[in-house]
Each structure stands twice: as structure tokens, then as C-alpha cells.
2 protein chains.
Amino acid sequence: MLEPPLSSEVPALRLLIVEDDPMMQLGLEQSLEDNPQLQIVGQTGDGYTAVEMAQQLQPDVIVMDIGLPRLDGIAATQQIKQSLPHVHIVVLTSHTSETEVIAALSSGADAYCIKGTNVDRLLAAIAAAREGATYLDPQIARQVIDHLKPPAPPSNIGQLSQRELEVLKLMVEGMSNPEIAAQLYLSPNTVKTHIRGIMNKLAVDDRVQAAVVALRSGLV
Amino acid sequence: MLEPPLSSEVPALRLLIVEDDPMMQLGLEQSLEDNPQLQIVGQTGDGYTAVEMAQQLQPDVIVMDIGLPRLDGIAATQQIKQSLPHVHIVVLTSHTSETEVIAALSSGADAYCIKGTNVDRLLAAIAAAREGATYLDPQIARQVIDHLKPPAPPSNIGQLSQRELEVLKLMVEGMSNPEIAAQLYLSPNTVKTHIRGIMNKLAVDDRVQAAVVALRSGLV
DNA sequence: GCTAGTATAGTACAAAAGTTTTATGCCGCT
DNA sequence: AGCGGCATAAAACTTTTGTACTATACTAGC
């Protein structure tokens with residue numbers, strides 16, 4: 001660890017621990033409680049209570065397990081972040097599956113640590129989270145970064161008119177020309193004309209490629 | 001910051017600084033050089049030299065600017081990571097644009113800091129990077145997380161046969177049936193048969209929807 | 001008032017795509 | 001030896017798409 005000079009005047013970081021397993025809870029407490037820069041202001045083992053305690057205690061950081069009774073850690077994170085965006089959340093779990101990790105981060109988690117690794121990492125994660133930074137455990141770092149959307153390739157999709165965009169969206173939904181026409185109260189011929197325009201502007205030859213361009217450009 | 005007890009026996013972290021602007025370079029050096037846990041083993045202001053120095057010095061961590069002469073920081077990061085995956089890279093730049101950030105991380109950067117913020121954050125980033133963890137500056141953290149691909153919706157794409165997958169990929173590339181046939185040395189009729197199979201298994205009615213499912217399932 | 005861009009719609013034709021059915025050879029499993 | 005899944009292929013037929021060209025009407029900008 002790299003330490004800046006100690007400044008004793010920083011107020012202690014108020015921490016809420018949300019952990020289901022009593023053993024783990026104890027272990028966490030033991031590891032963290034004698035750190036003078038941390039103040040554990042509350043503990044609970046269930047998600048629903050976690051949300052309530054977060055609102056009452058307004059901690060700086062919450063260390064959050066995922067597998068919790070009543071309300072899982074991801075849902076709890078989501079709810080807390082919604083009402084208290086300034087409360088930062090460190091997810092601490094043994095799950096390393098892609099879906100869990102992505103779900104946690106998308107729900108508003110600031111940092112993600114794996115149970116069983118070095119306590120220093122948890123401290124680093126807590127410190128990062130307090131500032132609103134993101135800390136990702138080495139075990140999942142690459143996984144997350146590999147899951148980033150590739151930068152949208154340049155396309156002329158911005159040049160489409162409003163109507164053309166509507167048609168394109170329905171096309172991506174899988175509608176046929178007559179279906180699109182019905183949906184938009186148009187003549188099928190008009191739909192064709194619009195699709196003509198779309199394909200011209202996007203410089204493609206058929207609707208499949210138009211749909212591909214639309215998707216790759218982030219027109220979800 | 002949260003500090004674990006000092007263990008004086010940890011060898012100093014070997015750091016390479018890659019920074020274009022002499023003022024900034026000096027500032028960085030001043031900020032970091034009296035930290036006993038850091039050893040600045042080299043400095044350069046251009047990307048090409050950075051790659052060479054990385055190979056020669058094998059630093060633990062590189063602090064890398066983006067706007068560099070000869071070879072920009074992103075390309076340098078990519079090259080270094082390719083030959084030296086154990087060297088970790090902290091990007092330090094003033095660019096906060098989405099494309100730059102994503103490009104840097106995708107190229108293998110471990111951490112991303114914004115110039116002008118607290119030195120402590122840079123130290124945190126360096127510490128995280130050394131372990132292979134990811135640290136993202138608060139200013140860009142949300143941006144990155146919002147850029148995560150949504151979890152792939154369940155699809156039967158895994159049930160496609162090898163051949164069907166090939167055909168599907170070419171279909172997504174925008175090829176027509178005759179073109180696919182030519183590409184795979186098949187009869188157009190066979191291609192149709194495969195597409196039949198694809199559409200059945202994916203439970204869609206036409207190739208556009210098949211392509212959409214393919215893209216959304218991450219078959220890029 | 002003219003022009004450019006857009007939205008609308010039509011006709012007619014050509015080219016793909018999709019449907020249905022049938023058939024053969026191969027492979028692995030029982 | 002037989003069955004199921006796969007890859008291959010064909011014929012015949014329908015539907016959908018795509019192309020080409022034309023035309024009207026509205027709007028915004030010069």
C-alpha cells in the first residue's frame with residue numbers, strides 16, 4: 001500500500017456492514033473495527049433492513065453482500081442508490097460470475113471485492129468508493145473491461161429523418177414492411193420509400209445490414 | 001485514506017512515468033519521488049520510447065499520458081500489455097471523453113485518473129493497478145459503468161450447429177443467400193435449409209430478427 | 001418565389017427470401 | 001441394425017424485398 005502522510009483531522013468514515021453470514025460478519029468487524037479511520041455505524045444481515053438503516057444512518061460507505069434474505073444485495077444497492085446517491089457501496093461477495101458482477105455495477109455499486117482476498121484490498125475499495133471512484137478486484141477487473149461495449153462505429157445514422165428513424169426501429173424489431181405500414185398508418189409503398197432513404201443514407205444494400213448498423217450504433 | 005500498518009519490508013514499487021508536458025512531468029516527479037514506497041525508474045515523453053523502456057526496465061506500474069508524440073498513449077498501452085501483461089498501467093490524462101476512456105481501458109489500462117485531481121487518487125490508482133485491480137477516477141466512473149453491455153438476453157443461439165453458426169455470421173455481415181453459398185462452397189438451396197434451421201431454433205420469422213438475436217447475444 | 005429536404009403514395013418489374021417437401025450420406029449412440 | 005441429428009441438395013411455389021421512376025404536398029431558408 002501507498003500511504004500519504006497521516007492527517008489526523010479527517011473525520012472517520014462512517015461504515016455500514018450488510019452481511020448475512022454471522023462468521024463473515026464477525027470477521028469483517030474484527031478486521032475493520034480497530035482502524036481509527038473507520039467507524040462502523042451499523043450492521044445487518046438482511047437487505048430490507050439495510051435499506052432502512054442506510055436511510056436512517058446515512059453512512060459514507062456500505063459494505064454489501066449479495067446473497068441476502070428478503071432483499072438481495074443487488075436490489076438493495078439499487079434502492080439505496082436511488083434515494084441516497086451520495087452513499088457509496090462496496091459489494092463484497094464470493095460470486096465472480098459475469099452476470100452478478102455486471103448486475104451489481106449497473107445497479108449502482110461503486111466497488112466490487114471478492115471475499116477471501118486481502119483485507120487491504122477491501123480497504124482500498126472502501127477508500128475509493130468514498131470518493132465516488134470505482135475499484136474492481138483483480139479477479140474480476142478484466143472480465144468487466146471485456147464487457148464494455150465497443151465504441152460505436154461511425155455511421156450516418158444521425159442523418160436519418162425522424163420518420164426514417166421510426167421505420168428503422170420497427171425494422172429492427174423484426175417487422176415486415178406491411179406490418180410497419182400498419183403500425184405507422186402508412187401505405188406500404190411509403191414504407192418502402194423510407195427504407196430506400198434509410199439504406200441510401202446508411203450506405204447499405206438491404207434491411208439486414210441496416211438493422212446491424214442500427215444495433216451497432218447503439219440504437220437499441 | 002485508509003492505511004494498513006506499515007510493513008517496511010515491502011520492496012519499493014518500480015514506476016515508469018510517461019508524460020509529454022515537461023511541467024507536468026516535473027510536477028509528477030515532485031509529488032511522487034519522496035514517497036519511500038515508490039521508485040521512479042524512468043521517464044519519457046514519447047510513446048515509442050515508452051514501449052522500449054517498458055521492455056528494458058520492466059516496471060511494476062507505468063503512469064501514462066494519452067497525448068504523446070510518435071505513438072499515443074493508447075497505442076503504447078496496447079503494445080506494452082501485449083508483450084508484458086504483468087506490467088500494469090495507470091492512464092493519467094485530462095481527457096474525459098467517453099471514447100478515450102473506453103479505448104484506454106479496452107487497450108489494457110488498469111486504472112484511469114484525471115489530471116488535476118488529488119495526488120492521493122493517483123496513489124490509490126497506482127496501488128490498485130499494481131495488484132491488477134481497476135481504479136477509475138470518480139469523474140469517469142459512472143460513465144464507464146453506464147457503458148457496460150446489458151447482460152445478453154437468453155437465446156437458443158448455443159443450440160445452433162457449427163455450420164448454422166457460420167451461416168448466421170455471414171448473414172449478419174450482410175451477405176445474401178447466394179453470396180453465403182459462394183463463400184462456403186455450398187448450394188444456395190443448402191444455405192436456405194440452414195437458415196431454416198437457424199430461424200427455427202432461434203424462434204424467429206426472418207433473417208433480420210435472426211441477425212438481431214445474434215448481435216444481442218454477443219455474436220459479434 | 002424558388003429550392004431543398006421531407007413525407008406521402010403510386011405502378012411495375014426484378015430479385016431475393018421464405019415454405020414445403022423430399023432425398024441422400026454420414027456419424028454416433030443404443 | 002436402426003434412430004436421430006446433421007450437412008448436403010433440389011424443385012416448386014409464395015411472399016417479401018428491393019429498384020426505378022413518377023408525383024403531390026408541406027416546410028424552412030434564401
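This is a predicted model, so every value here is computed, not measured. Per chain, numbering begins at 1; letters A, B, ... match sequence-line order.
- Counted by atom type alone, A:Ser161 and A:Glu164 present one or more donor-acceptor pairs between their side chains at under 3.5 Å.
- A donor-acceptor pair is defined here as one N or O able to donate and one able to accept, closer than 3.5 Å; such a pair exists between the side chain of A:Lys81 and the backbone of A:Val87.
- Nucleic acid contact class of B:Thr190 (heavy atoms, under 4.0 Å, all strands): base.
- Following rounding to the nearest Å, A:Leu184 (CG) and C:dA9 (C1') show an atom-to-atom distance of 15 Å.
- In this model, the phosphate group of D:dA12 is not approached by any side-chain N or O of B:Lys192 to a distance below 4.0 Å at OP1 or OP2.
- A close approach under 4.0 Å does not occur between any side-chain nitrogen or oxygen of B:Arg163 and OP1 or OP2 of D:dC6.
- At a threshold of 4.0 angstrom between heavy atoms, the contacts of B:Pro188 with the nucleic acid are absent.
- For the atom pair NZ of B:Lys192 and CD1 of B:Ile180, the computed distance is 12.0 Å after rounding to the nearest 0.5 Å.
- In this structure, A:Met175 and B:Gln162 both approach DNA chain D, and ranking their closest nucleotides by distance from the 5' end singles out B:Gln162.
- Here D:dT8 presents its P atom at 10 Å from CD of B:Glu164, a figure rounded to the nearest Å.
- Look at A:Asn189 and you won't find any side-chain N or O under 4.0 angstrom from OP1 or OP2 of C:dA9.
- Listed pair A:Ser161 / C:dA7 meets the phosphate criterion, a side-chain N or O lying under 4.0 Å from OP1 or OP2.
- Rounded to an integer number of Å, the gap from A:His194 NE2 to C:dG5 P is 17 Å.
- Mapping B:Asp205 and B:Thr193 onto DNA chain C by nearest heavy atom places B:Asp205 at the nucleotide closer to the 5' end.
- Which of C:dA7, D:dC6, D:dG18 sits closest to the side chain of A:Arg207 comes down to D:dG18.
- In this structure, A:Ile198 places its CD1 atom 13 Å from C1' of D:dG18, rounding to the nearest Å.
- The interatomic distance linking B:Ile180 (CD1) with D:dT8 (C1') rounds to 16 Å, in whole Å.
- Where B:Ser187 and A:Ile195 each meet DNA chain D at their nearest nucleotide, the meeting point lying more 5' is that of B:Ser187.
- Set against D:dA9, C:dA7, C:dA9, the side chain of A:Leu186 has C:dA9 as its closest nucleotide.
- We find that CG of A:Leu202 is positioned 15 Å from C1' of D:dG18, with the value rounded to whole Å.
- With rounding to the nearest 0.5 Å, the separation of OG1 in B:Thr134 from CG in A:Asp137 is 9.5 Å.
- Per the geometry, CG belonging to B:Asn200 stands 13 Å off P belonging to D:dG5, to the nearest Å.
- Taking 4.0 angstrom as the limit, A:Asn177 places a side-chain polar atom (N or O) nearer than this to OP1 or OP2 of D:dT17.
- In this structure a side-chain-to-backbone donor-acceptor pair under 3.5 Å is present from A:Asp72 to A:Ala75.
- Distance CG (A:Leu165) to C1' (C:dA7): 14 Å, rounded to an integer number of Å.
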